[in-house]
Participant: 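Quick one: this structure, given as structure tokens, is what I'll be asking you about.
Throughout, a chain's letter reflects where its sequence line sits, starting with A, and its residues are numbered from 1.
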Protein chains: 2
Amino acid sequence: MEDRLSKVFAALADPLRRDMVARLAADDATVNELAEPYDVSVQAVSKHIKVLEDAGLVRRSRQAQRRPVHLEAEVFDLMTAWIERYRRQVEERYRRLDDLLAGEARSDTDTDTEGAAS
Amino acid sequence: MEDRLSKVFAALADPLRRDMVARLAADDATVNELAEPYDVSVQAVSKHIKVLEDAGLVRRSRQAQRRPVHLEAEVFDLMTAWIERYRRQVEERYRRLDDLLAGEARSDTDTDTEGAAS
DNA sequence: CCGTTGTTCAACCTCGGGGTTGAATACTGC
DNA sequence: GCAGTATTCAACCCCGAGGTTGAACAACGG
């Protein structure tokens, strides 16, 4: 599992990590703060954060002996790009299928403009 | 791992499965067709498809003895919704931070310009 | 009816993810 | 320097994911 996208998806496949991301979206937090609501050890949470970090979803800064975790927003773009690409492709397929069916139904009247292909 | 979103992310965490999704976005395909380019067994591919199916990403129809796999586009919406939600939240934070800094900058020059640590 | 093709089921193996606990490390504040 | 706090490292356990092979189960096609 070396590629970035795999790491990102894998990181978000865990509900606990998704919850952390949700909380970090609201504000930065330290490991202990993050661990507090859950009934797992702080070490476990630290590992989770490492997973998120390796995926590029968060960054750990350094501030005294604390290591506040900060959500890195850019990665979302990576996912969105991947998802949207195939979503569009599928929608395109549907559109063409519709066109095909429409064309067969009434062999005339050309459907128009698609546009907006990003 | 019961919840939908976890299944979806986990399903897409595998590069092979993502590749299948990519191919399925272009067109439906059977297990054997899907398995052909890879050097894993057909059984393994069948398992992968099951994972995608359990996540609601694909559907298997029935057509003679073949079981064409069809990509289900709606799930993408689920992911996009999740992602966008937190992306927006983070952007909102940045926006408010900018406002705050702009406001404080006017009062005095004690702002300590963090940031720029990339 | 029987062989062929497409697909899944079953048993098995290995490896890594997520959890634990206990010790080490990195800073702070006195 | 030393106690105290925050975090990570290390070693360990357990289980599920992904791979294999071999057999079973459809559904055609002769």
Participant: Output yes when a side-chain donor or acceptor of B:R60 lies under 3.5 Å from a complementary backbone atom of B:R67, and no otherwise.
Facilitator: no
Participant: Measuring from the side chain of A:V51 (C-beta onward, heavy atoms only), which nucleotide among D:dG18, C:dT7, C:dG18 has the closest atom?
Facilitator: C:dG18
Participant: Find the distance A:L52:CG to C:dG17:P and express it as a whole number of Å.
Facilitator: 14 Å
Participant: Quickly work out the A:R60 CZ to D:dC9 C1' distance and round it to whole Å.
Facilitator: 12 Å
Participant: Short question: side chain of A:R18, backbone of A:L12 - any donor-acceptor pair under 3.5 Å?
Facilitator: yes
Participant: B:K50 NZ to D:dA17 C1': how many Å, rounded?
Facilitator: 14 Å
Participant: How close or far is atom P of D:dT20 from atom CG of B:L16, stated in whole angstroms?
Facilitator: 10 Å
Participant: If you check the A:T30 side chain, which of C:dA23, D:dT7, D:dT21 turns out closest?
Facilitator: D:dT7
Participant: Taking only the side-chain heavy atoms of A:R17 (C-beta and beyond), determine which of C:dT7, C:dG18, D:dG18 contains the nearest atom.
Facilitator: C:dG18
Participant: Taking atom P of C:dT8 as reference, at what distance in whole Å does atom CD of B:E53 sit?
Facilitator: 8 Å
Participant: Looking at the side chain of A:R66, which of D:dG19, C:dG6, D:dA6 is the nearest nucleotide?
Facilitator: D:dA6
Participant: Grab the NE2-C1' distance between B:H48 and D:dG19 for me, whole Å please.
Facilitator: 8 Å
Participant: Could you check which of D:dG19, D:dT7, C:dT7 has an atom nearest any side-chain atom of B:R67?
Facilitator: C:dT7
Participant: Do the side chain of B:R23 and the main chain of B:L34 share a donor and acceptor less than 3.5 angstrom apart?
Facilitator: yes
Participant: If you assign each of A:S41 and B:I49 to its closest nucleotide in DNA chain C, which residue comes earlier from the 5' end?
Facilitator: B:I49
Participant: On DNA chain D, check which nucleotide each of B:K47 and B:Q43 is closest to and give me the residue with the more 5' one.
Facilitator: B:K47
Participant: Assign the ring pair A:H70 / B:Y94 to parallel, tilted or perpendicular, where the plane angle (0 to 90°) is split at 30° and 60°.
Facilitator: tilted
Participant: If you only use heavy atoms from C-beta on, which nucleotide in C:dG18, C:dC27, C:dT21 is closest to the side chain of A:R62?
Facilitator: C:dC27
Participant: Would you please classify the geometry between the A:F9 ring and the B:F9 ring as parallel, tilted or perpendicular, with 30° and 60° separating the classes?
Facilitator: tilted
Participant: Which nucleotide in the list D:dT20, C:dG18, D:dG18 gets nearest to the side chain of B:A44?
Facilitator: D:dT20
Participant: B:Y38 OH to D:dG19 C1': how many Å, rounded?
Facilitator: 16 Å
Participant: Can you tell me the distance, in whole Å, between the CG atom of B:N32 and the C1' atom of C:dT4?
Facilitator: 13 Å
